[in-house]
Engineer: 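Quick one: the structure is below, and I'll ask about it shortly.
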Amino acid sequence: MTTDERAFAFVLGSLDDASAAHVAEEIGQSFEMRQRVRYWREQLAPLLPPPIEEVYENPVSWEEVEAVVFGRA
């Protein structure tokens with residue numbers, strides 16, 4: 001695999017654990033690998049789904065859930 005292919009696979013998450021660990025080590029030692037990983041992250045970022053909005057308070061009460069599940073009013 002070329003440096004570019006390894007960087008792409010690393011960003012995509014398709015490497016096995018040992019290979020990913022090797023690339024992670026290579027990122028720390030090689031400026032070229034850091035550049036390629038950054039390039040692929042920038043290229044693939046638009047393809048990622050938008051982040052999930054966290055809900056801090058449940059908008060549905062237990063009474064509403066019971067009414068739907070058990071037919072209670």
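When reading the values below, keep in mind they use all heavy atoms of this one structure, side chains included, and skip hydrogens, waters and symmetry mates.
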Engineer: Going by heavy atoms in the side chains, are F70 and V65 under 4.5 Å from each other?
Structural biologist: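 No, their side chains stay 4.5 Å or more apart.
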
Engineer: Could you check V11, T3, L15 and say which one makes a side chain to side chain contact (heavy atoms under 4.5 Å, CB included) with V23?
Structural biologist: L15

Engineer: Distance under 6.0 Å and angle within 45° of the ring axis: does R36 meet both against Y39?
Structural biologist: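 Verdict for Y39: a cation-pi partner in R36.
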
Engineer: Which side-chain hydrogen bond (donor to acceptor under 3.5 Å, both in side chains) pairs, counting each pair once, include a residue from residues 22-33, with sequence neighbours left out?
Structural biologist: R6-E26

Engineer: Could you give all pairs that pass the salt bridge (charged side-chain N to carboxylate O under 4.0 Å, His left out) test and reach residues 9-20, with sequence neighbours left out?
Structural biologist: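 Sorted result for residues 9-20: empty, none.
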
Engineer: Would F8 and V37 satisfy side-chain contact (heavy atoms from CB on, under 4.5 Å), going step by step from the backbone distance to the final call?
Structural biologist: CA-CA 7 Å; F8 174 76; V37 167; over 6 Å; no

Engineer: With rounding to the nearest 0.5 angstrom, report the CH2 to CD distance, W40 to Q35.
Structural biologist: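 So the gap between those two atoms works out to 14.5 Å.
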
Engineer: Side chains of I27 and F10: closer than 4.5 Å at any heavy-atom pair?
Structural biologist: yes

Engineer: Once side-chain hydrogen bond (donor to acceptor under 3.5 Å, both in side chains) is applied, do any residues pair with E64, and if so which ones, sequence neighbours excluded?
Structural biologist: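 If we apply the side-chain hydrogen bond (donor to acceptor under 3.5 Å, both in side chains) test to E64, skipping adjacent residues, the hits are S61.
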
Engineer: Give the minimum heavy-atom separation between M33 and A7, together with the two atoms involved.
Structural biologist: SD-CB, 3.8 Å

